[in-house]
Structure formats: C-alpha cells, structure tokens
Amino acid sequence: MSKQQVEKKVHRPPIETGCPDSFQYMHPVMRRNYGQWAYHEDPRPGVLKHVAHSGDAIWTVRVGTQRILDVITLNLLCDIGDKYADGYVRFTIRSNIEYMVDQESKVGPLIVELEKNGFVVGGTKNSVAMIAHTQGWLHCDIPGTDAAGVVKAMMDEVIDEFKGWNMPNRVHMTTSCCQINCGGQGDIAINVQYTKPPKINHDLVSNVCERPSVVARCPVAAIRPAMVNGKPSLEVDEKKCICCGACYPPCPPMQINDAEHSKLSVWVGGNHSNARGKPTFQKLVAAGIPNNPPRWPEATAIVKKILRAYRDDAKDWERISDWVERIGWPRFFELTGLPFTKFHINNWKGARNSLNASTHIRF
Ligand code: SF4
Ligand code: SF4
C-alpha cells in the first residue's frame, strides 16, 4: 500500500457533542425490556404501570415542576429519587420529572414524600397535562413574554385538573413567547400576538443587519431597502405588514416587542392526526389579551372558561377539536362566553384561498 493510500484511510474521529447515550441512565427494568412492552395501565392519577412481554413491570410516577428549577429544588427531587425510588429519574418534554420503580409497594411512600415537599403528582390520562413551552427569556433573543412564567401562573390555577382525571379526554396546552417560532399546536395554545409593525432604529441597521436576509424573511414582501439619513437602512410598508415579527430575529433594530403592544392570544383545537382523525389547525378564539406578568390573570381566566365549557359539554374521549367540530364554532363562543370580534375574521388579502368562496352552505 502506498503512503498516499495509508493516509487516506486514517480519518479524524468525529467529535460527538450531542446528547450522551440515554441507555446508561435508564432504569434496569426499562433497559432489559426495551421495545418489548406488552401493555400499560393507569392505576391512579399520575401513575403509569408498564408490563413487558417478559412479565416484568415498572411503575412511573409523574410530577409537575415549576419549569425553571433552581439547584436546591433539583437536589431535593434527586434525593427523593435516591431514597424513595430506585435512583432513576427522567424529565419529559412537558417539564415533568418522572420516577421509575420496580415494585408497586414503592409507589405510595414516594407519592407521600413528594406531596409532603410540595410537589404535585398527576398529568396522566384524561387530565390537563403540564403546559408545553419554550425557553423564553432565559435562552432566546426574541421573546415578547416570559413563557415559563405564564405556564407556572396557569398551572397553579388548574392544579386540580392536573391532579385528577376530570376532563373528557387529555388536554394538551402550549405556550410561545414570540409569534412565529416554537410553541405550536395544542388543544389550547397561549401565544404572543404582536399588534403593530416593527419600529426601526435606523442608526443601527447598517451595523447589525444583513439587509437582504431581512428583506427575504418577510412573508408578505413588506420590507424594502432604503437610505435614511445617508445610511443604508430598511423601510416597512405598514399597510402590507401583518405584524408577524419574522424580521426581528435577523435584525434586532426592527424592534417589535413592547409592553403595550405585545399581547397574548388564545387558540383552540390544534391536534396531530391520530387513529380517528386527520390533523387539525388551531383557531384564534381570543386576541389582544394583556401581557400582564407576573400572574397573567386575564389570559388565565379565558383558559379556565374554555376548560370549564369543555369539561361540562364534551362527550367522553372527545378532544377539544372533536368537541368543537361536533357543536360548531358559534356554540363554542356561546358556551365559553368569549366575544366573537373582528379579530376572528381572516381579512388578510392572501386569505381568499382559505375562505369559503362558494355558494354551498357548510354544516
Ligand atoms: S417561542 Fe420565540 S421567543 Fe420563545 S423561545 Fe421560541 S423562538 Fe424564542
Ligand atoms: S413584522 Fe412580519 S410582516 Fe411586518 S415587516 Fe416584519 S416580517 Fe414583514
């Protein structure tokens, strides 16, 4: 083999910086039966029992957290896991912490200890699951609200619905702290809503922004390059602008967040497809809600109204989208007592494709 061939065969090993292999952290019963589960049961709220084909069983206790966890609380949760569970925990995408135990007799004492320390067990089956949310002001550069704070304030108010099985079916809620990025589909979604076009700081644009990228970001072609005070900058056609905020991430001088005009909105009925139905888009049901920290009482009151109406009127196993589909949107607004306003009408000029433009009446 020539020297050149030998050199070709020696590659630099890849530098892995991703997540570590999760198997090493799994409970041994889970490791042993990976991919071999036969069925699961719900023995009580907040507890799942999974049974493997081998006959092994494992119990999972799900605990809600306040999402932004300090080190002292994390240590406490881990100490409880060491003492009352088998020393294994995992976090779910909804910021719950889950303990796994291999004997049913360990479940009761674990729950007693968790509740004694102020933690809440629940979030399974037909409950209101913990609200899924984005990183918010802790990590991101564009939030218009503190999504983690919204979640904490709202979950405090629906704690009984988290702990119990008193909903017709599972309720998944989501939040987002800007209008365009993470967050997303939920039975109920609480999202930031911008209500005015961005305000441009022309002195900074040429130093901070790549103007072609910013122009390209706008979904309605409302941004144009412009010279302002002798400096290259941008201008926004405010008649076209739909106040989406997409120009703000690549160009922070296009400030769109502010205390007065960044509002919250509530959307309902988003769902992924499942065995019974195709995916459904969520629809706006409340707009212009004050973004009012630290408890967001106006948004929370609306979410509670929707949950109450759904709980009282939906049939067993109907998700919120199934319920609204059956009763219709006019009845939804009647039952929830939410006003139907001009903001619910899609009046964007590109909406002609999605509007009912035929003479057929739809039921
Ligand atoms: S929703 Fe928007 S502001 Fe919040 S973390 Fe995601 S990208 Fe950032
Ligand atoms: S807010 Fe959205 S629509 Fe308005 S200028 Fe920026 S990207 Fe375009």
Side-chain angles (χ1 to χ4, degrees), residues 66-69 91 93-95 130-154 172-186 188-202 204-205 208-226 228 232-267 270 282 284 287-289 291-294 296 299 343 346-351:
Q66 63 268 45
R67 178 58 176 87
I68 304 292
L69 286 167
F91 279 92
I93 53 165
R94 291 185 173 267
S95 316
M130 178 75 170
I131 303 175
H133 54 99
T134 55
Q135 301 306 315
W137 44 269
L138 261 191
H139 299 251
C140 189
D141 53 352
I142 56 167
T145 191
D146 160 20
V150 174
V151 170
K152 171 75 172 89
M154 286 192 182
H172 279 161
M173 296 203 272
T174 64
T175 59
S176 78
C177 31
C178 70
Q179 195 172 280
I180 48 162
N181 289 347
C182 18
Q185 287 284 76
I188 302 175
I190 303 104
N191 294 337
V192 158
Q193 178 194 25
Y194 302 122
T195 57
K196 65 155 186 61
K199 192 168 163 233
I200 307 176
N201 182 336
H202 295 289
L204 294 180
V205 169
V208 179
C209 315
E210 271 188 34
R211 294 190 305 155
S213 322
V214 186
V215 170
R217 277 294 281 257
C218 182
V220 292
I223 308 176
R224 285 187 296 259
V228 181
S233 185
L234 298 160
E235 66 182 7
V236 170
D237 180 344
E238 297 197 353
K239 283 209 188 90
K240 274 190 185 172
C241 173
I242 53 171
C243 311
C244 68
C247 49
Y248 180 46
C251 186
M254 302 203 50
Q255 185 69 42
I256 194 150
N257 291 324
D258 74 40
E260 190 189 340
H261 296 96
S262 296
K263 307 280 189 186
L264 295 189
S265 58
V266 174
W267 302 67
Q282 55 202 13
L284 180 81
I289 309 164
N291 180 14
N292 193 3
W296 291 271
F343 297 111
N346 188 356
N347 63 355
W348 177 53
K349 67 178 178 160

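All residue numbers in this chain count up from 1 along the given sequence. Bear in mind that the values here come from a model prediction, so they are computed numbers and not experimental data. We count ligands from 1, going down the list as the structure has it; atoms in each ligand are counted the same way.
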Any donor-acceptor N/O pair, Asp141 side chain to Pro249 backbone, under 3.5 Å: no
Donor-acceptor contact present, side-chain Ser176 to main-chain Cys178, <3.5 Å: yes
Numbered atoms of ligand 1 (with element) below 4.0 Å of Cys140, judged on heavy atoms: 3 (S), 5 (S), 7 (S), 8 (Fe)
Those atoms of ligand 1 less than 4.0 Å from some heavy atom in Thr134: 1 (S), 4 (Fe), 5 (S), 6 (Fe)
Do the non-hydrogen side-chain atoms of [X] and [Y] ever get within less than 4.5 Å of each other?
X	Y	answer
Tyr248	Ile180	no
Cys140	Cys177	no
Val236	Met254	yes
Thr145	Ser262	no

Residue of the set Val192, Asn291, Thr195 for which side-chain contact (heavy atoms from CB on, under 4.5 Å) holds with Lys263: Thr195
So which heavy atom in the protein is nearest [atom], and how far is it from that ligand atom?
atom	value
atom 6 (Fe) of ligand 1	Cys182 SG, 2.1 Å
atom 2 (Fe) of ligand 1	Cys178 SG, 2.3 Å
atom 4 (Fe) of ligand 1	Cys177 SG, 2.2 Å

Residues, nucleotides or ligands: over 12 heavy atoms within 6.0 Å of Lys196 NZ: yes
Heteroatoms of the protein, restricted to N/O/S, which lie under 2.8 Å from atom 4 (Fe) of ligand 2: Cys241 SG
